[in-house]
Protein chains: 4
Amino acid sequence: MNTFGRNFRVTTFGESHGTALGAVIDGCPPGIDLTEADVQPFLDRRRPGKSPLESARRETDRVEILSGVFEGKTTGAPIALVVYNRDVRSADYGPLWNVFRPGHADFTYQAKYGIRDHRGGGRSSGRETLSRVAAGAVAMKCLARTGIRIRGRVIEIHGKAAPDEMEQEIRAAMEAGDSVGGIVEVVAEGCPPGLGDPVFGKLDAAIAAALMGIGAVKGVEVGEGFRAARMRGSEMNDPILAEGFASNHAGGILGGISTGQEIVVRIAVKPTPSIRKTQRTVNADGEEQEISISGRHDPCIAPRIVPVAECMLALVLLDCLLEQEKYRGFSEKGTGSY
Amino acid sequence: MNTFGRNFRVTTFGESHGTALGAVIDGCPPGIDLTEADVQPFLDRRRPGKSPLESARRETDRVEILSGVFEGKTTGAPIALVVYNRDVRSADYGPLWNVFRPGHADFTYQAKYGIRDHRGGGRSSGRETLSRVAAGAVAMKCLARTGIRIRGRVIEIHGKAAPDEMEQEIRAAMEAGDSVGGIVEVVAEGCPPGLGDPVFGKLDAAIAAALMGIGAVKGVEVGEGFRAARMRGSEMNDPILAEGFASNHAGGILGGISTGQEIVVRIAVKPTPSIRKTQRTVNADGEEQEISISGRHDPCIAPRIVPVAECMLALVLLDCLLEQEKYRGFSEKGTGSY
Amino acid sequence: MNTFGRNFRVTTFGESHGTALGAVIDGCPPGIDLTEADVQPFLDRRRPGKSPLESARRETDRVEILSGVFEGKTTGAPIALVVYNRDVRSADYGPLWNVFRPGHADFTYQAKYGIRDHRGGGRSSGRETLSRVAAGAVAMKCLARTGIRIRGRVIEIHGKAAPDEMEQEIRAAMEAGDSVGGIVEVVAEGCPPGLGDPVFGKLDAAIAAALMGIGAVKGVEVGEGFRAARMRGSEMNDPILAEGFASNHAGGILGGISTGQEIVVRIAVKPTPSIRKTQRTVNADGEEQEISISGRHDPCIAPRIVPVAECMLALVLLDCLLEQEKYRGFSEKGTGSY
Amino acid sequence: MNTFGRNFRVTTFGESHGTALGAVIDGCPPGIDLTEADVQPFLDRRRPGKSPLESARRETDRVEILSGVFEGKTTGAPIALVVYNRDVRSADYGPLWNVFRPGHADFTYQAKYGIRDHRGGGRSSGRETLSRVAAGAVAMKCLARTGIRIRGRVIEIHGKAAPDEMEQEIRAAMEAGDSVGGIVEVVAEGCPPGLGDPVFGKLDAAIAAALMGIGAVKGVEVGEGFRAARMRGSEMNDPILAEGFASNHAGGILGGISTGQEIVVRIAVKPTPSIRKTQRTVNADGEEQEISISGRHDPCIAPRIVPVAECMLALVLLDCLLEQEKYRGFSEKGTGSY
């Protein structure tokens, strides 16, 4: 399943060290202004190598729109976005091709498919998120006309919440040839009430799938999240006043449907599995060996996951908006003319 | 979207105080032994009123199989399961019909649909999980022949993990006219490696959607979950030895695919929103008022969510198993004969 | 796959001689007036035994709505419709339980599932269309507010188009212990332009699947259909004038999208496979034998397929209308408020 | 909906005169040998300009595989296929950009989307079938190991069935600045019994949608097709003998499931709508005008539809095979190990 969404459907393709990565968007509303310049900044933001604490790999990713746009506007036809791989140094991964890296999907891909593109993780590489961000950029363009704004940020790294301390944790891990995890929060403002579909298409369920499906994410929570398990009903329930909800412990979702408040979600990002520190593992023949991974890897990927998480939330919200439109239109306007 | 699953597809229907609830299962393998007696115990286990700490409502739910079973075996045709509502005391909810209960979906259903079955929460009632459990029971029957076993338990209530303390927290909340949240853990043993579909159909993403979609769940985590955000890579990565993984911080899933270890997930359950304590809210006309909910409500629903969570995990795993079968069969056996 | 539609999704269940048949509708717009009285006439119209030329079987089918309707209006929740089987005379089919009836699905169900509910054809019985008609009746109710009207009729039986001759063909077949085929035409008026989704969701493709999926249908054509293969472009093309299309050879669909003209489709219905005349076949053990089917069977099922075909067309058109609404709403009104 | 299939899912993109066309295949079994050389011959066969009776447009279409293949084998990851447009002479279509060509989708696309890529028909161009053929070539490669073989041919043009007469009809139409329709038959040999899913996923329903969805197709029939409407049951039913079916009037499908015999389908292809002969139409402003289309157009597109129809049938059969595998594997082997 490389397709996401029911209405704004995104199909992604591509491997870390293959010819190209990309996405095909099916179901984009027609008449939206769109050029490569709308998508490129999202890719640039996702790109590593922007700070001394991040990987030095220079991914000069250039997106091309192959279809679905005519004279600068979407036509309703599928939009194919492609990014050719350029700065590929396969040699970095060469000696390890036969080894299952701990914390990576090497073992499970081999178990599932019986064959594995080992170059840089192949399809399971974090580079796959490039396709999500490209598609998310188009979703953001569509959302722009609705008043919905999405912003994410790192709120914790290795248990520390102050910026200086977060940076310190990353630096310490890097020096130790190790890595650290963190927590990312994403908030959507301006979302109308009524989005999300009971009982299996709940907005929070869709968000949970979207975010848990990002590599390295091990937990998702909405509003108070796991803190809710330690609260009483009288603390957790948001009172409703004439002017609206008095608080937002729910994180903007009740019964799987948006309340009109801010939607607040947080995800737990595990430490980068690729570390210089020696680890025990086996190769594809089952022989035990030690491994030290020396390639270009961020010691903490939480910052790079921020734009990915924002884009996934954008995809979910746009998809729900379109879902809701069909009933709103049917009920409010009748359907006699197009 | 009231349908769950791609291969073992479950469509549910029914409201808390309507005529009946039920589920239609499409895609159940043929030749599985199945009678009402396989499903009824799951409904009984989900039923409230079994302990003095739970709601006194006596739901004598009797399941009937309407189709898809012939001479005690599934035929491959859709299996319709129905439970007629019997012990319905609508009067309990009468005076509140026009009021949006805090923490409930009353407001959001009204906002979404412009119409609302207010009797006991209608479609948004926890009673909806009855359909999930009935379908899950059939999934469990199918899984039985695969060696997969699923078990859940409450591991924390209102921050307490010892059984005596958990009971104490519930009792204290009940006496205060209040409620408490908790954490449920579900574990699947015997799951083969290879289940789950990158990149949007990852096993953990599917599980996250399945569990976050249960009413009152505000967070989902796999393996170390949110703790992973506070770990280093050298702690989080599970070393691989010749005899298998040396630990299971990942919770049995890497890259969205099962590793063959135990699958371990936890969910955060919010406190029951229906409480006797007075709360501020509005009615459908936007007029402010106070509300005290005096019906039959469990002060903590975490225990009742255990069988629901088990059943949702069963639905996900069976669905992934069937998904995986099609490629295994194609690759291993050729497809020349049926 | 017992679910039909992307937006107005109908899941059907039930066997000819099982406990009940029915359908669950997911995605019905809220606020539509609906009671059993809206559905029952469609079932009555489909019922056999109304003319001396049809089967004498008295199917007193009573539909019940189990969910999704509150105070006479749809709520947006799934609508479960059920019809319990009453007038079941299994003895009629008893001696043939082990025999594969020519022209029926007995052999293929056995080959596919390895198990078969042989009572009256089980799931493959024409009685399955009862569920389609019940769901179609709800779709018709929704379409009523859009100005779309659908009507079907038998236009040919055994090659004859005049009513007297058609009746004569049926009578002659009945007397010979045989059966005859026919052609049904269905027309939709008032359909707006713009319905249907290129390239794989074309309106004509959706209609073709919907109608070819009715048992006994062996061909589907739109507009000129197979006659188009014998025409020149200058004859087939419909000129466009200022006031609209000058003709409708296309049958109301161009490029898979409705033109706003009448949608005209025809289906070929094969002769009823159950005949009294002796036929050669085998039983489940592969032993050859002769078979004469003496049950209650219409010598021509084309008339009974008329309401089924109308309902399937209604399901397709409503589904396409809802699909189209989501983009129309997004483009025309913005989406800031619900 | 630009995605086809449930298991072997093909998403296509691209316009006649855009940057590129292509397809992304999701769900291809891993371990299949695949290179561009497997796909290119199918594109070449589809290419026009091979006979004096066909369009002179030289489409030198070169396919590239962007992902999903590693060291010459499929990996289970999505396979992106792309063909860049090269020989594009937009000038041919220039003067007509504002005019709705009769028999084309110009009017309906404008009505549906409110915007239209008018260059050569844009997304509605027959050139879109290039993506289907590229994906179909991969499906054919998968089918090769199953023993299923598919072959199509033109059996009638403008009512004539003899090769010399067919050629004569095309030549006469060309000379008259006109075009002609025809009938294509496609046969699949070696298909196992058991493919197809009642009740809405019937094999014949899936085939009908697949073939009716090809541009210019106005009718689909299986086995005897429309002739069945003129037959008696005793003629139409295929007797079953110990060694198998004695005839194949059903066209290899009973109850929507394959019988194991040849699958035989026919489609009606309308005359090419682009003709030199003067036609009446309107432009986008509703002004009436005459139109004579002088570009490079085949006077009969039935021959070029043959490989497209073959590929669509291949996609359907492979999809059904994978669908069936999951239950076969589950039932026969248990699922304890991968």
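To find a chain, count down the sequence lines: A is the first, B the second, and so on, and within it residues start at 1.
If you measure heavy-atom distances from Ile65(D) to chain A, the contacts under 4.5 Å come from the backbone alone. In this structure, the portion of Arg116(A) lying under 4.5 Å from any heavy atom of chain D is its backbone and not its side chain. Proximity to chain D (any heavy atom under 4.5 Å) is restricted, for Tyr84(A), to the side chain, taken from C-beta onward.
Salt-bridge formation is not detected for the pair Glu15(A)/Arg119(A): no Lys NZ or Arg NE/NH1/NH2 atom is positioned less than 4.0 Å from an Asp or Glu carboxylate oxygen. Look at Asp106(A) and Arg101(A) and you find a salt bridge, because one of the NZ, NE, NH1 or NH2 atoms lies within 4.0 Å of a carboxylate O, short of that distance. Between Arg127(A) and Asp61(A) there is a salt bridge, with a side-chain nitrogen of the basic residue lying less than 4.0 Å from a carboxylate oxygen of the acidic one.
Paired with Val63(A) under the rule side chain to side chain contact (heavy atoms under 4.5 Å, CB included), one option of Leu21(A), Leu43(A), Val82(A) passes, and it is Leu43(A).
Contact tally against chain A (heavy-atom pairs below 4.5 Å) for Asp117(D), Val69(D), Thr3(D): the top residue is Asp117(D). The residue among Thr19(D), Ile115(D), Asp26(D) with the most heavy atom pairs within less than 4.5 Å of chain A is Asp26(D). Between chain D and the residues Pro78(A), Ala77(A), Gly76(A), Pro30(A), the most heavy-atom pairs under 4.5 angstrom are made by Pro78(A). When the candidates Ile79(D), Ile25(D), Thr75(D) are compared by the number of heavy-atom contacts under 4.5 Å with chain A, Thr75(D) comes out ahead. Between chain A and the options Gly114(D), Gly68(D), Gly31(D), Gly122(D), the largest number of non-hydrogen pairs under 4.5 Å is found for Gly68(D).
The distance from the CD atom of Gln324(A) to the CG atom of Asp197(A) is 7.0 Å, given to the nearest 0.5 Å.
A tilted orientation is assigned to the rings of Trp97(D) and His118(D), their planes being inclined by 30° to 60°.
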